[in-house]
Amino acid sequence: MSIIEPRVLKGFRDFLPEQEILRSALIEKLTDAFKRCGFVPIDTPVLEYEEILLGKGGGETEKQVYRFTDHGGRAVAMRFDLTVPFARFMALHAHELYLPFKRYHIAKVWRGENTQRGRYREFMQCDFDMVGSDTAASDFEIVYTIYTALSNLAIPAFTINLNHRGIFNRFLASQGILDRSVEILRTVDKLEKIGRDATHEQLAELTNPALADKLLAFIELKGDNLTILSGMTQLAGGEADDTKRIRAILDLAQASGFEQSLRLNPSITRGLDYYTGVVFETFINAMPEIGSICSGGRYNDLASLYTKQHIPGVGASVGLDRLIAALEALEVKVPVSGYCQALILNLDDTLLTDYVCCAKSLRDAGIACEVYPETKKIQLQFTYAEKKAIPFAIIRGETEHEKNIWVLKNLDTRNSVDYTSLEALVQAFAQTNMQRNS
RNA sequence: GUGGAUGUAGCUCAGCGGUAGAGUCCCAGAAUGUGGAUCUGGUCGUCGCGGGUUCGAACCCCGUCAUCCACCCCA
């Protein structure tokens, strides 16, 4: 009988325990941050009707979406982000909910695009949005949640880049080139990647050399955030709601003490065309080339595809897999704990009752542990513990049984401590464990 | 989707037309007798997959799959 070659699809991955433990630890920390900021969880189906996800049809996304006909002949598609399903969700359930509504949604999404490091066909997004409020307070809440969530992950220094599409569009309008805003936005977005000269060249092609100079002057404004803001205000033709909104967000960030992580950046525009107000992109300072690890913005008409009700919203999404790829590239070790804490060595068949009782006592005390299931050579049992990153071994062989002691061995330092009773062992272990976790 | 690079033992890689290699890991054994040193022996490869050229291919050619890089787009 022939064997089927085991393999996974391009851009799809298996996760071994070491990776999955890291992923779940990061998800836990993100969830914790979202909850602290007042967001509640929801979930939606992986599959939606194709028309729901594709809407009026958007060139690029349409090419990337996984689509097929189900067994009932329905045209269906796999979600490629969590925002569009959320818009459908709001249109369907607005009457059962309340506004403003703040939700987080951590789930896999699928895009059939070409792969690269940190770019996969199946990946996890961690979305958080607030809908039903178009205020500086709600914009700020998302920025603050980005800051809280990423800070909670203890990742290297990051910068949240902030911009407002309205200001840029006013500037384009004043130059009479608002009709080409989409192309100009896409080009401007590449400034930090392709450099000043190439950007100028492309902008000149879209407009003319003189306008390209002006565009570059706008997106290359330098200085602290307030200086940049005043420069943008001037070039856009004066104060308006958009500049006031940015100023309010900057003030709130300052009051909250994280203005050093927030940068007003006129070259950040976001390719997605549904953004209507503030936009954000977040980069790890030491690894900008991996791309944005958390992006989002304000979209005031998103649910309009599915309802006549006007539901403004603002939100962002952490790209967990891209973030992990960056952490790997930077060789950042994220400490994780909470998995098996102790291996009870199996040294003597006749002592199995002792081992099982020990495991029960530890488990009752909330300590994760396991009994090695075979009386194999002790070296093998140690090797097993090491591979599984189990920090402690509990040793009780013939000698220890005669002396009626339990030995707790720290597998890292290789020091052993004797205990005269199981209770003493469990108690000591619990204390050690608390110290490790604190 | 377009262009380029890569794909050899579990891992890191060498070999680049003539009988598959090294280090590491793993397994068994010696000594330790609650393991990081040392010694002895050993297992493991459809050379990504399929086809072609050749007396003969891991090595050349074509296709295909996957990974990485650039473009595109984006988390």
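Quick caveat: nothing in here was measured; it's all calculated off a predicted structure. Letters go in sequence order (proteins before strands), and every chain restarts at 1.
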Which atom pairs, donor and acceptor, lie under 3.5 Å between side-chain atoms of residues 35-42 of chain A and protein residues at least two apart or in another chain?
residue	atom	partner	partner atom	Å
R36(A)	NE	D32(A)	OD2	3.4
R36(A)	NH2	D32(A)	OD2	3.1
R36(A)	NH2	N152(A)	OD1	3.1

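Taking atom CG of L380(A) as the reference point, atom P of C26(B) lies 10 Å away to the nearest angstrom. E18(A) has its CD atom 13 Å from the C1' atom of C11(B), to the nearest Å.
Defined by atom type and a distance below 3.5 Å, a donor-acceptor pair is present between the side-chain atoms of T83(A) and D127(A).
Taking the charged nitrogens against the carboxylate oxygens, R23(A) and E20(A) do have a contact shorter than 4.0 Å, which makes a salt bridge. Between K102(A) and E141(A) a salt bridge is recorded (basic side-chain N to carboxylate O distance below 4.0 Å).
If you check residues 343-351 of chain A against RNA chain B, you find no residue with a heavy atom closer than 4.0 Å.
Donor-acceptor pairing under 3.5 Å, judged by distance alone, is present between the side chain of E386(A) and the base of G35(B). Side-chain atoms of E281(A) stay outside donor-acceptor range of the base of A75(B), with no qualifying N/O pair under 3.5 Å.
Rounded to a whole angstrom, the distance from the C1' atom of G48(B) to that of G41(B) is 33 Å. Between the C1' atoms of U40(B) and A31(B), the separation comes to 12 Å (whole Å).
Using a 4.0 Å heavy-atom criterion, one finds that I395(A) contacts the bases of the nucleic acid, with or without backbone contacts as well.
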Between the protein and nucleotides 64-70 of chain B, which nitrogen or oxygen pairs come in under 3.5 angstrom?
residue	atom	partner	partner atom	Å
A66(B)	OP1	K10(A)	N	3.3
U67(B)	OP1	G11(A)	N	2.7
C69(B)	OP1	R117(A)	NE	3.4
C69(B)	OP2	R117(A)	N	2.6
A70(B)	OP2	Q116(A)	OE1	2.9
A70(B)	N7	Q116(A)	NE2	3.3

